[in-house]
Amino acid sequence: MNQLHPTTAAADSPARFVQLHRGGTSVVVECSGQTMPRILHWGAPLDQQGPLSGHQLAALSLAIAPQPGLAGLEVPARMSLLPQESEGWQHLPGLQGHRAGRAGFPRFVVEEFEAVPDGLSVRAADPDAGLEIGVELQLGESGLLRQRLSVRNIGETAYEVLALGATFPFSANAAEILDSAGRQLKERSPQRRPLTVGTHLREGRRGRTGADAPLLLAAGTAGFGFQHGTVHAVHLAWSGNYRLSAERTVEAQNFFSAAELLLPGEIILAPGESYRTPWSVGSWGEGLDELAARFHQDLRSRPEHPKPPRPVTLNSWEAVYFDHDLGRLTEIAQAAAAAGVERFVLDDGWFGSRRNDSSGLGDWQVSTAAWPAGLKPLVDTVRGLGMQFGLWFEPEMANLDSDLARSHPEWILHPGATGSERWPVSARQQQVLNLANPDAWRYLFDAISGLVAEHSIDYLKWDHNRDLLEPVDPRSGVAAVHESTLAAYRLMAELKAAHPGLEIESCASGGARVDLGVLARTDRIWVSDCIDPIERLDNQAYTGLLVPYEMMGAHIGGPQSHTTHRTHTMDFRASSALFGHLGVEWDISQASEAERAELARWISIHKTHRGLFHSGRSVHADLTDPSLDLRGVVAQDRSEAVFALTQRSAPISNPAGPVAFPGLDPAKNYLVELLTPVDSVGRQSRAPLPWNSGAEPLQLSGAALASVGLQMPILYPENAVVIRFTQSGA
Ligand code: GLA
């Protein structure tokens, strides 16, 4: 059911209700009189039989209305879309701010309440505090719940906004919190903890999303997994500082809050000015796969979503690092094209004095030392081989040892007046430009746009390799994370507008800028600089809670991982990258003929199935054996699927036993086939796998595959097999 029930006025009640039902999600909002509206329900459908009647809505509100305690407030507080002390709310307020210390406790009264087709909008004001609040709430087609708030200063003096956050109630049955931590080379590592009274707070003060960002803050029933348990989550579509929290109050109200973390002085509203928050986005599901599918469907429904087929990419970083040489890169390009690669990306090291990471960053002119004849000979070769050309940039940064920093120190974020620079602690020998300075922004736009036009560049790898510290705009002496984040978004958008078809990858020391803010302006994210297939298991599974496979850069590296020094077979490296936006990160000019043939074979398998990988539903099994990992992609109509089963470590049982495949259609029959070459599986066994040794492929129903399962080949640890299911006529 995908329907919408806009405003329903309850005839016998002064309350107004908005019922929304889309994408298998129900949201019920109550607006009583002039008090701020509150979400009565967000989650599983309540209205299978059609819209709830006015009586049913009033009953719902009554059912969860708290009883006053003996010593507590006479009218117990109920959480609204903007919780405030004037409603009796004693936990995190929706708005924090002041007018020279005053106006800290506004009492907003609803002035306008409008049910729009997919949600509602509210305008409330407190004339005494001189403030007006706007709340927009939308339920998307896939069942994502979005909120955006704004505050306007209608007073006569300046008002400082300290925080303005969106509030999402979640299920009273939630018992556990899931989010992620991480660092460079190990982004989005899951962490769980019990939900208890108090606040689980995640603050990002790095000036970028960060490798340790929670991505999603989720709360669900005890032990929830990818396939089971009711789970809700919230995400902030923003690439600057953030504050996400999950709180359980002592009155047993559970809620998430999502807000931009504002630094002192960042948002001081002069009379008439306003501040609008980024979108906060909530999802829910019976299991994490359903929760993730809502994000994927929503991204895929955008007209600007990257178009299929996603070109198989070779990125030069791990192949040559800073050692740029036309001859060597030409050989790599030739080997890449022969293996089926469709896009060639030249990474860091092509510009200014950038022969290592200590200098030249910011000088976006092609280096004549590294490229005596400019980039044209390489670009021509790449195009002549039928591939697209991409180039690396790190627009928001500069090495202090650069012409840019020498000529424009005032473009760099730092505390202290120009001429008496006090540089923030250095990271990767670089500092951060203030994109909010229009001169710096214009220089970057002109330099990048000029190169894009000159070489008809198809793709920018847009990097961001350090956190922001003391990010002060030297012109004003005020922190500028908010403004420079918006300016970076504007730079991306205007480059795309000036060069239709230009694609951008969001990279940040690997995967430190992954959020819906940047994804709205880019076409892919670089998940991590670690492409060891074992490390990529968790990394890609948890990145996939938000990001669909077609936007997730997943590369096949050389036999030995550069970041972990583990060595893996091609089959394993390829199986881990197969479902994503596939690439190669390896000097294949040095690979043997056999390795190149194997690579070409996997690229061809990917191309055969990428239509499925990049449109289907991601599925992760909740297996009891921690030595195994099973994940796949099932077509939306469930007519086909591809799964990868990974032997992470040595299993306790041998063989591992039948493995059940979730997500298939129980009523359909499937032909089962191994896509991994037969001679590379079952290597610890004397005889072939029985179901894979007959003349005819095995056929089983989706119901049998989901409950009885399939015996998997006995694998050495750190190996994988890829299995394909195709609906059979029989
Ligand atoms: C970052 C990126 C890498 C690579 C280097 C280049 O670390 O994550 O993929 O582009 O920068 O300096």
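Both counts, for ligands and for their atoms, begin at 1 and track the order of listing. Only heavy atoms go into these numbers, but all of them, side chains included; no hydrogens, no water, no symmetry mates.
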Can you tell me the protein heavy atom closest to atom 7 (O) of ligand 1 and the distance? Asp529 OD2, 3.1 Å

Does the cation-pi check pass for Arg521 over Tyr489, that is, NZ or CZ under 6.0 Å from the six-membered ring centre and within 45° of its axis? yes

For atom 1 (C) of ligand 1, what is the nearest protein heavy atom, given as residue, atom name and distance? Asp463 OD2, 3.0 Å

So, the side chain of Ser280 versus the backbone of Leu236: is there a donor-acceptor pair under 3.5 Å, distance only? no

Sub-4.0 Å heavy-atom contact, Arg428 with ligand 1: yes

List the steps, then state whether side-chain hydrogen bond (donor to acceptor under 3.5 Å, both in side chains) holds for Glu550 with His305. CA-CA 10 Å; Glu550 64 273 20; His305 195 61; 2.8 Å; yes

Taking the six-membered ring of Trp526, is NZ or CZ of Arg536 closer than 6.0 Å to its centre and within 45° of its axis? yes

What atoms of ligand 1 come within less than 4.0 Å of a heavy atom belonging to Cys507? 2 (C), 8 (O)

Can you pull out the closest protein heavy atom to atom 10 (O) of ligand 1? Residue, atom name and distance to 0.1 Å, please. Asp347 OD1, 2.7 Å

Could you tell me if any non-hydrogen atom of Lys461 lies under 4.0 Å from any atom of ligand 1? yes

Any donor and acceptor pair, going by atom type alone, linking the side chain of Asp458 with main-chain N or O of Phe389 inside 3.5 Å? yes

Please state which protein non-hydrogen atom is closest to atom 12 (O) of ligand 1 and give its distance, to 0.1 Å? Asp348 OD2, 2.6 Å

Please name the residue in the list Arg343, Arg524, Lys496 that meets the salt bridge (Lys or Arg N to Asp or Glu O under 4.0 Å) test with Glu503. Arg343

Find out whether Leu468 and Val481 are in side-chain contact, i.e. whether some heavy atom of one side chain is under 4.5 Å from a heavy atom of the other. yes

Trp526 near ligand 1 by a heavy-atom separation under 4.0 Å: yes

Indicate, as side chain, backbone, both or neither, the part of Asn465 found under 4.0 angstrom from ligand 1 when only non-hydrogen atoms are considered. side chain

N-O pairing of Asp529 and Lys186 below 4.0 Å: no

Polar proximity ligand 1 side, Gly510 side, N/O cut 3.5 Å exclusive: yes

Is it the case that ligand 1 has an N or O less than 3.5 angstrom from some N or O of Trp392? yes

